[in-house]
Number of protein chains: 2
Amino acid sequence: MEPSAPSRRVTIVDVARHAQVSTTAVSKVLRNAYGASPEMRAKVRRAIDELGYRPHAGARGLRGQTYTIGVMLPDIRNPFFPEILDGITGSLEDTEYQVLLGPGCNGEKAEARVTEAMIDRRMDGIIMIAPVSPRAHLEQVASSVPTVVVGRHGSSPVYDTVVDDDVEGASLIVDHLAGLGHRRIAHIEHRETDPTRRAEMPNARRADGYRQAMRALGLAESIDVVSTSYTQEGGYKGAKELLARPRLPTAVFAGADIVAMGVLEALAEAGLSVPGDISVAGYDNTTFAALGPISLTSVDQAGHEIGRNAARLLLERIADRRRPSVQVRLSPTLVPRRTTARPPE
Amino acid sequence: MEPSAPSRRVTIVDVARHAQVSTTAVSKVLRNAYGASPEMRAKVRRAIDELGYRPHAGARGLRGQTYTIGVMLPDIRNPFFPEILDGITGSLEDTEYQVLLGPGCNGEKAEARVTEAMIDRRMDGIIMIAPVSPRAHLEQVASSVPTVVVGRHGSSPVYDTVVDDDVEGASLIVDHLAGLGHRRIAHIEHRETDPTRRAEMPNARRADGYRQAMRALGLAESIDVVSTSYTQEGGYKGAKELLARPRLPTAVFAGADIVAMGVLEALAEAGLSVPGDISVAGYDNTTFAALGPISLTSVDQAGHEIGRNAARLLLERIADRRRPSVQVRLSPTLVPRRTTARPPE
DNA sequence: CTGAAAGCGCTAACAC
DNA sequence: GTGTTAGCGCTTTCAG
């Protein structure tokens, strides 16, 4: 076996010759296009199988499509994304399209690089998951390739969106805690200064939902929001800040599971038991929320459904680039586990 | 803004015209190829900037390279892979190459589909992380495109490999536990029946390393291996099995962190405290091993280094497809945390 | 050092 | 329904 021998690959010409037809005929069969008789199709299919022919995606892209869908994930570490991805690939696995992921897009610059790379490779469509780029950039991308944006609120005429209702998710948690008897429920949010992002990013929505739900329950005076970041460290710091309050809250709603991890650590250090002394809830229902030793109450975003919808919208838009943009909003569900219980007497 | 307007992109012809040179000249500048005067380069570069030109990767691939590296990850959920990926993208971000990931490759069939897709897109090189495909398939891939295989022992003349020394990792754990005074140390392994895979997959090596280390310490009679799988459930079942033993081990070495999670759950259910009654160690030093409430002793595989080496080897092989294949083996390190301590008196 | 011309593998447009 | 032809945007000869 030669290492990476540049052996000439079977091309459409070889198939045409083998099947004794024109390359156009082969091309039509490949694309299931109109204008080939059943006998011709059969003949061509046989030749394709016999020769083990697979079309060169790049060459196809030069005139037609590349049959490639790009998915941009901001952070491969976020255990919530795999669900979305499964939803996408699941919907696409019976199509001709192949999904390829753009890695490590943390920050606007990296996002721009990846989206450019996808456009330069003439991908047929792009799904951007929880992008942080300014809306203008999203619209610029969408103006050159069919695009679906996942996890950003706000709509645009040029791209479709799929989001989970973060306001509803926050109130699921608040209602759950209030139902258990809690009144002093604190929230740890991700600090967001940019005004556009405040309006569009899920984290800000969760904080809004928390406030809204507290007010609806007549707990307006108990509203207590600590601004840190959606990281374990952010949770740790946020909890430290709450521990310094004159009166401790009886429950903490962390804006993300990873934040809850930091909270649990800080509480353990302070000698407080969960949920005996204080209840803790997260958001995203990530893998580690389900881990036995953690068993964190959380909100599930139906990532699979999000992904399925994103794929569906993208295919629709690839088929008709002028159809009006669509916004899909899904509802989250509460997953109660062992970190929440009635407040201490 | 038009939704996905198919506005004609700037091509190499536009750049050539703008700079008043031939397309050949532009091409040479793009590729930093020999045969262009400094003045010409400057002129072309200016034209490229002014027009915002970016070459079409697919078209380039038709004759030359696509400047795309494919990375195949078996399971995006495995929290160990992001480290490797960071190592790869970090090494490549100052090059012209763009990394794209093939998603969800669990199982031979999915792996084959993804590698085919990468080959059909004429990627310049492929990095396969912990593939499960038979070696013949790996070699077939490698024979048509430069390939580096990560996390598979055993060498091939047609692809390079980067592995972490799993035997050494296992003995780090065993020595650590023995050093604390443990003698009855059990191991939970991933069941592997296929003989080739037994020889090449890391999981089998860890079990071998465990046995070897136990023997070296004169603890041969205490060797106790439970075969389940590298999943949380596998850990849970494995622990249940150990709990049914006439004499409980004082320490459990789980072959992977996720397995340890299941073990912790089963032990908690049985009312045993960790590490008071029994010590637990994992492998991979994943994100959740570091989580405060878990704090699992584990083995760190230096994922970043693995990724850096894989990228380096791949670039070398792209530059010289005939250079003899290389095997890199890296050493793991122990990360002691709170789940391991001296055995009960 | 420079550029004209051929061609990579495929699809679209157009004949027949 | 079928085949012929002309590109898509780039790199690679190969003359000059």
Side-chain angles (χ1 to χ4, degrees), chain A residues 6-45 47-48 51-68 96 117 119-124 144-145 318, chain B residues 6-44 47-48 51-68 96 117 119-124 144 318:
Chain A
S7 61
R8 212 180 66 74
R9 259 179 67 123
V10 177
T11 74
I12 200 172
V13 178
D14 301 317
V15 176
R17 195 154 34 209
H18 191 84
Q20 316 238 50
V21 298
S22 69
T23 58
T24 310
V26 179
S27 174
K28 280 174 178 163
V29 174
L30 285 178
R31 290 173 292 119
N32 282 314
Y34 172 82
S37 62
E39 307 84 65
M40 166 143 282
R41 285 186 194 283
K43 206 161 47 169
V44 171
R45 290 246 164 70
I48 288 177
L51 299 179
Y53 167 72
R54 293 201 319 259
H56 177 163
R60 300 182 88 170
L62 227 47
R63 296 302 300 249
Q65 301 185 233
T66 56
Y67 299 94
T68 310
E96 292 242 43
I119 292 172
D120 294 346
R121 282 158 186 76
R122 293 295 187 282
M123 297 205 174
D124 296 332
S144 82
V145 53
I318 288 172
Chain B
S7 61
R8 213 179 66 75
R9 264 179 64 124
V10 177
T11 74
I12 200 172
V13 178
D14 301 318
V15 175
R17 195 154 35 207
H18 191 84
Q20 317 238 50
V21 298
S22 70
T23 58
T24 311
V26 179
S27 175
K28 280 175 178 162
V29 174
L30 284 177
R31 290 173 292 117
N32 284 314
Y34 173 82
S37 62
E39 308 84 63
M40 166 145 280
R41 286 184 192 284
K43 209 162 45 169
V44 171
I48 288 177
L51 298 178
Y53 168 72
R54 294 201 316 261
H56 176 164
R60 300 183 89 170
L62 228 44
R63 295 302 299 245
Q65 300 185 234
T66 57
Y67 299 94
T68 309
E96 292 240 45
I119 292 171
D120 294 346
R121 283 158 186 76
R122 294 293 188 282
M123 297 203 174
D124 296 332
S144 82
I318 288 172

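So you know, we letter chains A, B, ... as the sequences are listed, proteins then strands, and number each from 1.
- Using a 4.0 Å heavy-atom criterion, one finds that Ala33(A) contacts no nucleic acid atom at all.
- In this structure, a donor-acceptor pair under 3.5 Å is absent between the side chains of Arg121(A) and Thr68(A).
- When the side-chain nitrogen and oxygen atoms of Ser27(A) are compared with OP1 and OP2 of dA12(C), none of them lie within a distance under 4.0 Å.
- Checked by distance alone, Thr24(A) brings no side-chain donor or acceptor within 3.5 Å of a matching partner on the base of dT11(C).
- Taking atom CD on Gln20(B) and atom P on dC1(C), their separation rounds to 21 Å, with Å as the unit.
- Asp120(A) and Arg9(B) are joined by a salt bridge, as a carboxylate oxygen and a charged side-chain nitrogen come within less than 4.0 angstrom of each other.
- Rounded to the nearest 0.5 angstrom, Ile48(B) CD1 and Ile12(B) CD1 are separated by 8.0 Å.
- Following rounding to the nearest Å, Lys28(A) (NZ) and dA13(C) (P) show an atom-to-atom distance of 12 Å.
- The CD-P distance, from Glu96(A) to dC10(C), rounds to 13 Å in whole Å.
- Between Ile48(B) atom CD1 and dC10(D) atom P the separation is 10 Å, expressed in whole Å.
- Here dT11(D) is the nucleotide among dT11(D), dC10(C), dC8(D) with the atom lying nearest to any side-chain atom of Leu30(B).
- Among the protein residues, Arg31(B) comes within range of the nucleic acid bases, having at least one heavy atom under 4.0 Å from a base atom.
- Between Tyr53(A) and dC10(C) there is a side-chain N or O to OP1 or OP2 distance below 4.0 Å.
- Nucleotide dG1(D) holds its P atom 10 Å from the CD atom of Glu39(A), rounded to whole Å.
- Side-chain contact of Arg31(B) with Ser27(B): a donor-acceptor pair under 3.5 Å is present, judged by distance alone.
- Out of dT2(C), dC10(C), dG9(D), the shortest distance to the side chain of Thr11(B) is found at dG9(D).
- Counting distance only, with no hydrogens placed and no angle test, the side-chain atoms of Thr23(B) and the base atoms of dA4(C) include no donor-acceptor pair under 3.5 Å.
- The side chain of Met40(A) sits closest to dT2(D) out of dG9(C), dT2(D), dC10(C).
- Nearer the 5' end of DNA chain C, as judged by each residue's closest nucleotide, is the contact made by Ser22(B), out of Arg63(B) and Ser22(B).
- In this structure, Arg60(B) places its CZ atom 18 Å from P of dG9(C), rounding to the nearest Å.
- As a whole-Å value, the separation of Leu62(B) CG from dG7(D) C1' is 12 Å.
- Atom NZ of Lys28(B) is separated from atom OG of Ser37(B) by 10.0 Å, given to the nearest 0.5 angstrom.
- Across the protein-nucleic acid pair, Arg54(B) atom CZ and dC10(D) atom P stand 12 Å apart, rounded to whole Å.
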